[in-house]
Peer 1: 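My questions all concern the structure below.
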2 protein chains.
Amino acid sequence: MEQQFNILKKNGLSITEGRKKILELFLDAEGALAHADIEKHTDAAFDRVTVYRTLQTFVEKGIIHQIPTTDNAILYALCKDRCEEGHHHDEHVHFICDNCNKTICLDDVTVPDVKLPKGFQPLQSAMVVKGICDDCR
Amino acid sequence: MEQQFNILKKNGLSITEGRKKILELFLDAEGALAHADIEKHTDAAFDRVTVYRTLQTFVEKGIIHQIPTTDNAILYALCKDRCEEGHHHDEHVHFICDNCNKTICLDDVTVPDVKLPKGFQPLQSAMVVKGICDDCR
DNA sequence: ATAAAACTTGCAACAATAGTGCAAATTCTA
DNA sequence: TAGAATTTGCACTATTGTTGCAAGTTTTAT
Ligand SMILES: [Mn+2]
Ligand SMILES: [Mn+2]
Ligand SMILES: [Zn+2]
Ligand SMILES: [Zn+2]
């Protein structure tokens, strides 16, 4: 039985073609995907709106997480940690390659704690490192 | 002589109403500004396109820097470090308040180095912390 | 296996955000 | 103050994201 099926089942989601396909893309992807990537890779088999809604649902369920960027294109990647509905634990560093433009989850590199000024209460941290990835040098 | 004038002059930019006004907004702002904030605060005195181009120019010159977010709204804030044309040094942590929604440059909190897996060459790091700011608790 | 209930999808319409070419206006230089 | 250089606004286009709703699909309970 495919992994996609299990993930959807476990999260109480109906099994649909769109969800299976998009999940498959993430499972096969080397790096993170933007909405536009998904549309490309599915050959527009699914409506744009369906893709938006699927991504939204997956984020809510803790199946994928978002990666902040500086270029008006949210990136999404599979959660490999113990993320749950409404509660993510993706405190790993993300690496964006300036050359091949891939975004990679460094699952083993934890976002370090920083000492904040008095009065600031941290709840979630994200760290994005840009540079040259291991494939590109 | 106003600060705006000096900054523009130093960067070899023509002194125009729009640039002075937008720079003034950044100088007065408590936190970071998005494109939409600037339009609001200028009462649409300048064309939307002019605002885009001004922000772009300021980023290129190292006058402001971008802050990555997860909601398709790039934030911009004044560079307080020694940023130069094409070469930024804004290696400070950014704090986004979940309550008042302000984004604050923590200029004194440096983004910590992390040990990356073999082969990854870091060039620039960004760190965004979400939580409750000092004003809001 | 089947029907009803629950949920998901696609469509159409809309809204917000962003980029480009070009003529007119402004700023700079001399 | 004129001419050169730069910047601006406008019109148009493109991309990205949202919503309501009817039709289609999946699930659940018989
Ligand atoms: Mn990740
Ligand atoms: Mn900053
Ligand atoms: Zn690379
Ligand atoms: Zn706050």
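Here is how names work: the chains are called A, B, and so on, in the same order as the sequence lines, proteins then strands, and each is numbered from 1. If you're wondering where the values come from, they're calculated on a predicted model, not measured in any experiment. Side chains are part of it too, since the values below use all heavy atoms of this structure and drop only hydrogens, waters and symmetry mates.
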Peer 1: How long is the line joining NZ of B:Lys21 and C1' of D:dT8, in whole Å?
Peer 2: 18 Å
Peer 1: Identify which nucleotide among D:dT7, D:dT27, D:dC10 has an atom closest to any side-chain atom of B:Thr16, counting heavy atoms from C-beta outward.
Peer 2: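 Minimum distance to the B:Thr16 side chain belongs to D:dT7.
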Peer 1: Which nucleotide in the list D:dT8, C:dA18, C:dT9 gets nearest to the side chain of A:Arg53?
Peer 2: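 The listed nucleotide nearest to A:Arg53's side chain is C:dT9.
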Peer 1: Within this structure, what is the CD-to-C1' distance between B:Gln56 and C:dG19, rounded to whole angstrom?
Peer 2: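 The answer, rounded to whole Å, is 9 Å.
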Peer 1: From CG of B:Asp71 over to C1' of D:dT18, roughly how many Å is that when rounded to an integer?
Peer 2: 15 Å
Peer 1: Of the listed nucleotides (C:dT20, D:dT8, D:dT19), which one gets closest to any side-chain atom of B:Val49?
Peer 2: C:dT20
Peer 1: What about B:His35 and B:Tyr52, are their ring centers closer than 6.0 Å?
Peer 2: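 That pair passes the under 6.0 Å test.
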Peer 1: Working to the nearest 0.5 Å, report the span between CG of A:Leu27 and NZ of A:Lys20.
Peer 2: 13.0 Å
Peer 1: Just the rounded figure in Å: distance from P of D:dT7 to NZ of B:Lys20.
Peer 2: 15 Å
Peer 1: Does B:Thr57 or A:Glu17 map to a spot on DNA chain D nearer the 5' end, using the closest nucleotide for each?
Peer 2: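 By nearest-heavy-atom nucleotide position, the 5'-most residue is B:Thr57.
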Peer 1: For C:dT8, does OP1 or OP2 lie under 4.0 Å from any side-chain N or O of A:Arg19?
Peer 2: yes
Peer 1: How many Å lie between CG on A:Asp47 and C1' on C:dT8, as a whole number?
Peer 2: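 Nearest whole value for this atom pair: 12 Å.
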Peer 1: Please state how far atom CZ in B:Phe46 lies from atom C1' in D:dT7, giving the value in whole angstrom units.
Peer 2: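 The distance from CZ of B:Phe46 to C1' of D:dT7 comes to 12 Å, rounded to the nearest Å.
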Peer 1: Would you mind reading off the distance between A:Leu13 atom CG and D:dT25 atom C1', rounded to a whole angstrom?
Peer 2: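 Distance check: A:Leu13 CG to D:dT25 C1' gives 15 Å.
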Peer 1: Using a cut-off of 6.0 Å, state whether more than 12 heavy atoms not belonging to A:Glu60 lie near its atom CD.
Peer 2: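 Correct, the count exceeds 12.
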Peer 1: How many Å lie between CZ on B:Arg48 and C1' on C:dA15, as a whole number?
Peer 2: 12 Å
Peer 1: Atom CG of residue position A:Asp43 - does it have more than 12 heavy atoms of other residues, nucleotides or ligands inside 6.0 Å?
Peer 2: no
Peer 1: Does one hydrophobic cluster hold both B:Leu123 and B:Met127, with members joined at side-chain heavy-atom distances below 4.5 Å?
Peer 2: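 Each belongs to a different hydrophobic cluster.
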Peer 1: Strictly below 4.0 Å: does B:Tyr52 bring a side-chain N or O up to OP1 or OP2 of C:dG19?
Peer 2: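 False: B:Tyr52 side-chain N/O out of range (4.0 Å or more) of C:dG19 OP1/OP2.
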Peer 1: Return the 5'-most residue of the pair B:His35, A:Ala45 with respect to DNA chain C, ranking by each residue's nearest nucleotide.
Peer 2: A:Ala45
Peer 1: How do A:Ser14 and B:Ile74 order along DNA chain C: which one's closest nucleotide is nearer the 5' end?
Peer 2: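 Looking at the nearest nucleotide for each, A:Ser14 comes out on the 5' side.
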